[in-house]
Amino acid sequence: MTISQVGAHPLSAGVKISTVDTKEISSGTTLIKRGFAHMQKHGVIMDVTNVEQAQIAEDAGAVAVMVLDKLPSDVRSAGGVARTASVKIIETVLDAVSIPVMAKCRIGHASEASILEEVGVDMIDESEVLSPADQGRHIWKWNYTTPFVNGAKNLGEALRRIQEGASMIRTKGEPGTGDVSHAVTHIRQVNNEITKIRGIYDNNDDQELITISRELQSSFEIVKETARLGRLPVVNFAAGGISTPADAALLMNLGCDGIFVGSGIFKAEDPLERAKAVVIATTYFDDPKTVLEAQKMVDEKKSMLGLDTKNLDLRMQERGPTV
Amino acid sequence: MSNELLIGVLGLQGDIEENIKATTEALREMNLKGKVISVRYPEEIMKIDGLIIPGGESTVMGLLISLKDELLHAITRMIQRGLPIMGACAGMIVLAKKSYDKVIGDKKQLLLGILDIEIERNSFGRQHDSFESDLEISGINDSYKGIFIRAPSVISVGPNVQILSKFGGKIVAVRQENIIGTSFHPELSGDYRMHRLFIELVTNWKKESFQQ
């Protein structure tokens, strides 16, 4: 198999079986959900708040759009409680673009997730950008036919989310700040932990892997599979603080499978050109000449100003349950 | 000319690595020597014996192909020489002559226009309708597990196009000489027989072009 099936719950409520012309068809299987995430690879998923932005994103080469009520930087300045986007806006975006449409729900908010599934979004982001609804648990994502993406700052978080049914992982870089350093920290952390367990796997030391799986609060099975693969068993995207083509290239070079851009595009003064440039830099991340061409398409004077992350009132990456 | 096959997977967007792995496995099953590489530059396209356009988003791949004239020219020139090509899902859309989206209708997007078919994008619905099911494919014995992810279907075919498979009344696999298109993802099923079928085309084309 080219996609790992580790941790799959084949009999979960999210798997729907029906028949077409006497043939049995299964939806919401692990392969179908993780497979969808694999189709996003090497692509850029862009945050949008309305149908006009969604069309700009599609024309610029976004692989999918993520519908929010407010861009992360506006969530910060507005304060209060951030919830899932208006259903009407999600519906108009669904009817206006041909690429996948994703939307965010609050951490642990199983009902917001059910609503998004009913509306028909292609992927649900259980996101710390919104105010968490449950301080003890994340959503049990195996109950859904729609695939989920979750954020993670380290390997333990990533593996626990996958065990709950996440089909894609992303970094939890500090959203809406224009500061890419937190996303970089998270991907480096995951990479370093995987390098370590890979070495232990090569030494055939199952006993040590069991000890580590306890530290990571994850199953031995998933730790061993990750060690064997030398990477997460699902795709891993960069998210949080990405604002320029160079930022995208930096994170792709660190081994990310693709890029989420939040405020970075539509909080800039040159969204269409910038969106295109980030797409180009993501595809040609390892080719400095092409990344330079992409970087030339944007003007630093038009980048979002950003925030100093040392003195943030709200660190979104710290929100929600710790296990 | 070496006996070793060089197969390229268009490396712009989508499940590139999965196709490299599936093709490598298929070569191994067939006991053939060969290399499978990701290709993004005209020089790379000009030296391959076969091209796979992976799954992903067809609008994104079209945009990235059209961005650089030389890349589009290289692909077109190799197609004129008869280069074997396989496109799965988004890859088949990129190869097609015409395409429209089931919900939003006509969508301006770059298509290579070499496969004489008309495509309906997202033909089976959105992601929660994506599915897996057994298929019958001509040229492949026994059933084959089709992985359909926001899959397109073929609405009509030209006179030189052979229908390889249908599902639920819709055309889901076609062949036109050296070009294969599928609605489903053969690289994800763990069954490499579609890739083997493609490699047979590559082997034959390489032999023929050597003889000429």
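Here is how names work: the chains are called A, B, and so on, in the same order as the sequence lines, proteins then strands, and each is numbered from 1. Quick caveat: nothing in here was measured; it's all calculated off a predicted structure.
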- Task: Any chance you could measure A/I32, atom CD1, to B/I147, atom CD1, to the nearest 0.5 Å?
- Result: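 Reported value, rounded in 0.5 Å steps: 5.0 Å.
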
- Task: Determine the option with the most heavy-atom pairs under 4.5 angstrom with chain A, choosing from B/G190, B/G14, B/G11.
- Result: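 Option with the top pair count is B/G14.
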
Using a 4.5 angstrom heavy-atom cutoff, name the option from [options] with the most pairs to chain B.
{"options": "A/I99, A/V235, A/I3, A/V121", "result": "A/I99"}
{"options": "A/V20, A/V44, A/L94", "result": "A/L94"}
{"options": "A/G43, A/G35, A/G258, A/G120", "result": "A/G120"}

Please tabulate, one pair per line, the N or O donor-acceptor pairs under 3.5 Å between chain A and chain B.
unit_1: A/M1; atom_1: O; unit_2: B/K21; atom_2: NZ; d: 3.1
unit_1: A/T2; atom_1: OG1; unit_2: B/E187; atom_2: O; d: 2.6
unit_1: A/K23; atom_1: NZ; unit_2: B/E136; atom_2: OE1; d: 3.1
unit_1: A/E24; atom_1: O; unit_2: B/S133; atom_2: OG; d: 2.9
unit_1: A/S26; atom_1: N; unit_2: B/E132; atom_2: O; d: 3.1
unit_1: A/S26; atom_1: O; unit_2: B/E132; atom_2: N; d: 2.9
unit_1: A/S27; atom_1: OG; unit_2: B/S130; atom_2: O; d: 3.0
unit_1: A/T29; atom_1: OG1; unit_2: B/E132; atom_2: OE2; d: 2.5
unit_1: A/I32; atom_1: O; unit_2: B/Q127; atom_2: NE2; d: 3.3
unit_1: A/H38; atom_1: ND1; unit_2: B/E18; atom_2: OE2; d: 2.6
unit_1: A/M39; atom_1: O; unit_2: B/Q13; atom_2: NE2; d: 2.8
unit_1: A/K41; atom_1: O; unit_2: B/Q13; atom_2: NE2; d: 3.0
unit_1: A/K41; atom_1: O; unit_2: B/G14; atom_2: N; d: 2.9
unit_1: A/K41; atom_1: NZ; unit_2: B/E17; atom_2: OE1; d: 2.9
unit_1: A/K41; atom_1: NZ; unit_2: B/E18; atom_2: OE1; d: 3.4
unit_1: A/K41; atom_1: NZ; unit_2: B/E18; atom_2: OE2; d: 2.7
unit_1: A/H42; atom_1: NE2; unit_2: B/E17; atom_2: OE1; d: 3.2
unit_1: A/H42; atom_1: NE2; unit_2: B/E17; atom_2: OE2; d: 2.9
unit_1: A/E58; atom_1: OE1; unit_2: B/K107; atom_2: NZ; d: 3.0
unit_1: A/S98; atom_1: O; unit_2: B/N122; atom_2: ND2; d: 3.2
unit_1: A/S98; atom_1: O; unit_2: B/R150; atom_2: NH2; d: 2.8
unit_1: A/S98; atom_1: OG; unit_2: B/R121; atom_2: NH1; d: 2.9
unit_1: A/S98; atom_1: OG; unit_2: B/R121; atom_2: NH2; d: 3.1
unit_1: A/G120; atom_1: O; unit_2: B/R126; atom_2: NE; d: 3.1
unit_1: A/D122; atom_1: OD1; unit_2: B/Q127; atom_2: N; d: 2.9
unit_1: A/D122; atom_1: OD1; unit_2: B/R150; atom_2: NH1; d: 3.0
unit_1: A/D122; atom_1: OD2; unit_2: B/R126; atom_2: NE; d: 3.4
unit_1: A/D122; atom_1: OD2; unit_2: B/R126; atom_2: NH2; d: 2.6
unit_1: A/D122; atom_1: OD2; unit_2: B/R150; atom_2: NH1; d: 3.0
unit_1: A/T283; atom_1: O; unit_2: B/R40; atom_2: NH1; d: 2.9
unit_1: A/T283; atom_1: OG1; unit_2: B/L12; atom_2: O; d: 3.0
unit_1: A/D286; atom_1: OD1; unit_2: B/R40; atom_2: NH1; d: 2.9
unit_1: A/D286; atom_1: OD1; unit_2: B/R40; atom_2: NH2; d: 3.0
unit_1: A/D286; atom_1: OD2; unit_2: B/R40; atom_2: NH2; d: 3.4
unit_1: A/D287; atom_1: OD2; unit_2: B/Y41; atom_2: OH; d: 2.5
unit_1: A/T290; atom_1: OG1; unit_2: B/K68; atom_2: NZ; d: 3.4

- Query: Excluding sequence neighbours, so at least two apart, what forms ring pair (Phe, Tyr, Trp, His ring centres under 6.0 Å) with B/F131?
  - Reply: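 Expected list: B/F124, B/F148, B/F167.
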
- Task: Measure A/A62 against the heavy atoms of chain B and call it side chain, backbone, both or neither at under 4.5 Å.
- Result: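 Interface part for A/A62: backbone (N, CA, C, O).
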
- Is chain B contacted by the side chain of A/V97, its backbone, both, or neither, given a heavy-atom distance below 4.5 Å?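 When you check distances to chain B, only backbone atoms of A/V97 fall under 4.5 Å.
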
- Item | Contact origin within B/L12 toward chain A - heavy atom pairs under 4.5 Å |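 Both parts, backbone and side chain.
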
- Query: Side chain, backbone, both or neither: which part of B/L188 has a non-hydrogen atom closer than 4.5 Å to chain A?
  - Reply: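 Contact with chain A involves both backbone and side-chain atoms of B/L188.
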
